[in-house]
Each structure stands twice: as structure tokens, then as C-alpha cells.
Amino acid sequence: MTEPRRDTNWWGWGDPMRRTELDATALGVLRERIGELEPWPLAARIEDFELPAARPLPRAAVDAVGAEAVFDSKEDRLRHARGSGYVDLARMRSGRLENAPDAVLVPADAAAVGRLIDACAAHGVAVVPFGGGTSVVGGVEPLRGPHEALISLDLTALREVVVDETSLTARLGAGLRGPEAEAALGAQGLTLGHFPQSFEYATIGGFAATRSAGQASSGYGRFDSLVSSVRLLAPAGNLRTLETPHTAAGPALRDLVIGSEGTLGVIPDVTVRVRPAPPQRRYEAWMAESFEAGREIARVLAQGPGLPTVIRVSDEEETVGSLALSGPRGAAGKAFGAYLKARRRAGGALMIVGYEGTEEALTRRRALTVRALRAGGAVYLGRAGGRSWEHGRYGGPYQRDLLMGMGAMVETLETSHTWTRLGELHRAVGAAIAGTLDGEGTPGLVFCHLSHAYADGASLYFTFISRARRGAELEQWTAVKRAASEAIVAGGATITHHHAVGRDHAPYMEAEVGETGLDVLRAVKERLDPTGIMNPGKLLP
């Protein structure tokens, strides 16, 4: 019997034993920019937390998986009642939730998943597929819709790994966390190469369901480009695409399933393209004269032969702010200080570039990248800054939890656009966030970086920090999120680059795909899930 995972922080992110802190310099930056913070403690322990009463499940749903696979303790219901976005965690601090699953079911295999979906469809039970619970857009919130009962379908038990070393593909179970998949592949000298910030706790099924993009997507590709075949277990029937490198047989059903966010059915496994694990990794820090100059360097690299495996360009605000908040007292901070002194100017845009592969391939790619960096006026800061980024690449959510406990609102959002429109989009969204924070009486820090580069454009990833309005935290968040989203839509950009749609972005889907596009998606939903039990309230407005 497989139980739900209970190894993460029930009210926040990740390892409950991991601690992070801010030093005096970081605290000084916060006080200067956002004012004094009022601590925001948890209002309740697990045993005192208020959840809605659990409703009984139909016997058929229990029988589909076996009574031993049904978990209805307060802790299990609580852990499956939220994702990892600001809204989720703000509600956790309140000590009560309006929505929670009636029970958590952990099917032993894909066959049991299929039986469970059939039973839930027959009895009108809403089903929320659950992997790592790392969604930051409300993707796993237990919204019942018109259904009397709701279950969280935990895919933890689905951890199959089958490797085809000749074709360099692997069938991976949806319940595998990122490190589990990498460890299994690494034992055979292979890697998937998908490393989003949520890597330590997100699952293969979640990567597929949300069209995830990892930090090394410039070298390995987004998750959708890594998937060669996918399977879907839907209320109306099952679907599997061929394990073939390419087909011209009409619109790609694979792409219909990838990104469907559990609204059409459950993805029990995917077949992905893997490659030999890189024997060498090298990450470096560079400083561009400005964010605009750094973006131009990234464009040249993306449209030429020298795009590195990892490329990130922080704007001026993020460069100064993130170094301050992360404590620039080591070699990276000294290099940054030396840069400012040598240039006799304030500002600059921090760039992180990384290379992975054989020593020969790494050397060749680095030479092309360095040529573009130097031609664009960037200054080499050394490998210490790159190693610092590598060491902390998954640590952002821990700092978010720390800041929330201090009384801050901390949120992220992302988008993408063409190179031609990227600068305009950066200014518009940043201004919308800053202006709304000022209007709320809580001025804040607004950071942005470019983290995924393509030949025709790139992504922008925004972070904002301000004082939380005590007693009106969600209203404050809603105002800022709405302003940023409207600026994105007005600029013709995508409402999400890699965080998915979930609950938060569903109101903007018509701007994304158009009225006819929505009709098409609704028609697919109605065909595969005629009673609407699959993840109600997500993706479609």
C-alpha cells in the first residue's frame, strides 16, 4: 500500500527542516523599500485547523481502489487542499479553508486509476488529480462545481521507469518527483534535463499537465518538446499517442493532452526523450551594461549558434535587490562590487549563463557564447556567481515562506513575447505592478528576469514584494494580479509562459485563444468529460 506523501512543510514549501534567513543588509533593504513589517504567524496547528466537513463517498469509488487506498485524516485532506501559490499559503496562515477534498485516494496503478475515474463519472464525484502540489496558479484547489463529493486523486504510486537505451526514450510514471526520475535515469547514465524551480517536489505528471519549462530549457527544451508519447485516462475513454518521433496525422493529440491540467482526464505516464547525462557543467556570472543590453545579447545568442544551456538576464532592479536579499558578501558580491567600481556607475544587469555537455562540446559552445557576450559589452564576473546561482536555484520558495512569515506579500508571475515587443512588455507590466502596489498603500520591490530564450522571443519572470495588508491580503493580491494580467493581455503577450492556467488565469483564456478557440476546448472537454468531474474550475473560464 502506498500512502500520500507527508514529508513536506504542511503550511509552506518543501523540507520542513530547512531554514533560511535574511541578514542585516537584506533586512535594511526591505525596511527602506517596503517599510516595517508586522509578523504574520500561523493561526492554527494541523489539529486545530478548520476544514469543511467531509462528505461521504459512493461505495463504488472506494471499491475501485480498495479501502486501504482511501485516506481521510485532517492532515491528508489539508495537504491536498492547496497548491503552493501566494493565495494558497495566505489561506493556510488563516487557520481555515473553505474548500478541501472529502478524501484522498491513492490508486496502486493505472488500472486502478481507470476504475476510479469510471466510478466517479458514474456517481458524479469531482476528481482533482494531484502530483506534487506545487501549482502556483490554483491548479489543484478542490473546487466542487455542481458535484456533491470531491476526491483528491493522488498519483504517488505511479512511479514506473522503463528505459529504451537504443531509442533514448523512457516511460516515466506520473507520480515520480523530479529527483526520483533523474536518479533512475542517472543510474543508466542518462538525464531528462528538466529542472524547473519546483524540481525537488513537482512530478512528471505535473510537468506534463502544465506544459512546464525548466531552467535549462535553452539546452534541453521545454517539457512539451521532450514528450514523444502520452496516455490519458478520461471519463469517456482512454487515449494513447504512438511512440514515434513524428507523425503528420492531423492535429497532434499529444499537444491536446499536454497542458490539459487534469481537466480532460488523468495522465498516468509519459514517454520522454532522454539523453546522456552531461559529464561537465559550468555556470558563470556576467554583467551587461543594462537590461536592454542583456536582452539584446540573449537575442543574438538565441538566433545564432551559441545559445547556452542556461541563460538568465536580471533587470537592474532584480540585480541589486536579489544580490542584497541573498547576501552578496561572498565572491559573487565582491565581483559585483568590483564591476561597479571599475565602471564608476550604478546599475547593470546580472546574467547567468550555463553550459552542460562533454568538455569538447562545452568548450566549443562557451567560445561562441563568450564572443557574443563580449561583443555586447558584458563583463565577466567569474564562476563564483554561477555556482551561487546553481546552489540556490531551488531555494526561492523557502525565502518566500520566510518573508510571508515576516508579514510580506511575495508573488511571481510570468509571460513571454517576441523580441520586438519584449521591452515594451517589461515596462508595462512592471509599471502596472508598481502602480497598483502604490495605490494599495503598500509600495514594493518589483523584479524581473528573462529566463527562457527562443529565436523569436523570450519569457519575462516578475517577482514583487510588499507589505501584506493584514486582514485584506487576498484583496491586495487580487488587485495586483489583475493589473499585471490586464497589462499582459493588452500587450498581446501570453497570460502564462510556464506556470499554466489553473484557477488564476482562466478568466484570461479568451484573450489567449479567442472565442472560437474556447468553443473548441469546451467541445473537447464535453466529449472526454461529459459530466464535468475532472478538475472543475480550472483552465476554462
Side-chain angles (χ1 to χ4, degrees), residues 1-6 10 49 51-83 88 91 97-135 138-158 173-175 203 205-206 209 232-236 238 260-268 502-503 525 528-539:
M1 179 185 72
T2 301
E3 297 187 352
R5 300 184 196 257
R6 305 183 187 96
W10 68 268
F49 212 95
L51 293 179
R55 304 178 188 182
L57 300 182
R59 187 69 215 179
V62 176
D63 290 343
V65 296
E68 69 281 0
V70 179
F71 301 85
D72 58 5
S73 71
K74 176 175 282 189
E75 179 175 354
D76 289 327
R77 293 180 65 215
L78 180 61
R79 286 180 175 275
H80 289 71
R82 57 90 173 173
D88 300 301
R91 287 172 174 164
L97 291 176
E98 295 180 0
N99 300 308
D102 298 310
V104 178
L105 277 63
V106 188
D109 51 32
V113 172
R115 293 194 301 270
L116 178 59
I117 291 174
D118 290 344
C120 289
H123 294 272
V125 177
V127 178
V128 179
F130 194 95
T134 61
S135 170
V140 295
E141 183 176 353
L143 302 175
R144 295 176 186 273
H147 308 288
E148 183 67 21
L150 180 146
I151 66 165
S152 176
L153 199 170
D154 190 313
L155 300 170
T156 297
L158 278 58
T203 60
L232 181 76
L233 308 180
N238 300 337
S260 57
E261 300 189 41
T263 62
L264 304 180
V266 173
I267 300 171
R503 169 204 64 210
K525 167 80 169 172
L528 291 175
D529 179 24
T531 57
I533 65 167
M534 298 305 306
N535 210 7
K538 319 298 163 40
L539 187 63

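All heavy atoms count here, side chains included; hydrogens, waters and symmetry mates do not.
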K.L.:
Enter the distance from Ser260:OG to Asn535:CG here, rounded to the nearest 0.5 Å.
P.N.:
9.5 Å

K.L.:
Of all the heavy-atom pairs spanning Glu3 and Thr156, show the shortest one and how long it is.
P.N.:
O-CG2, 4.1 Å

K.L.:
From Leu264 CG over to Met534 CE, what is the distance, rounded to the nearest 0.5 angstrom?
P.N.:
8.5 Å

K.L.:
Side chains of Arg82 and Arg91, heavy atoms from C-beta outward: is any pair under 4.5 Å?
P.N.:
no

K.L.:
Please tell me if the side chains of Phe71 and Arg79 come closer than 4.5 Å, counting only heavy atoms from C-beta onward.
P.N.:
no

K.L.:
Between Glu141 and Arg503, does any NZ, NE, NH1 or NH2 come within less than 4.0 Å of an OD or OE carboxylate oxygen?
P.N.:
yes

K.L.:
Which pairs of donor and acceptor atoms, one on a side chain in residues 110-130, lie under 3.5 Å apart (sequence neighbours left out)?
P.N.:
from	atom 1	to	atom 2	distance (Å)
Arg115	NE	Ala64	O	3.1
Arg115	NH2	Ala64	O	3.2

K.L.:
Indicate the atoms forming the closest heavy-atom contact of Arg144 with Pro536, along with that distance.
P.N.:
O-CG, 4.0 Å

K.L.:
Run the side-chain donor-acceptor check on residues 51-62: report pairs under 3.5 Å with partners two or more places apart or on a different chain.
P.N.:
from	atom 1	to	atom 2	distance (Å)
Arg55	NH1	Glu148	O	2.8
Arg59	NE	Asp63	OD1	3.0
Arg59	NH2	Asp63	OD1	3.3

K.L.:
Pro268 pairs by side-chain contact (heavy atoms from CB on, under 4.5 Å) with which of Leu155, Leu158, Asp109?
P.N.:
Leu158

K.L.:
Between Ser152 and Asp154, do the side chains contain an N or O donor and an N or O acceptor separated by less than 3.5 Å?
P.N.:
no

K.L.:
Is it true that, when you exclude Glu98 itself, more than 12 heavy atoms of the residues, nucleotides or ligands shown sit nearer than 6.0 Å to its CD?
P.N.:
no

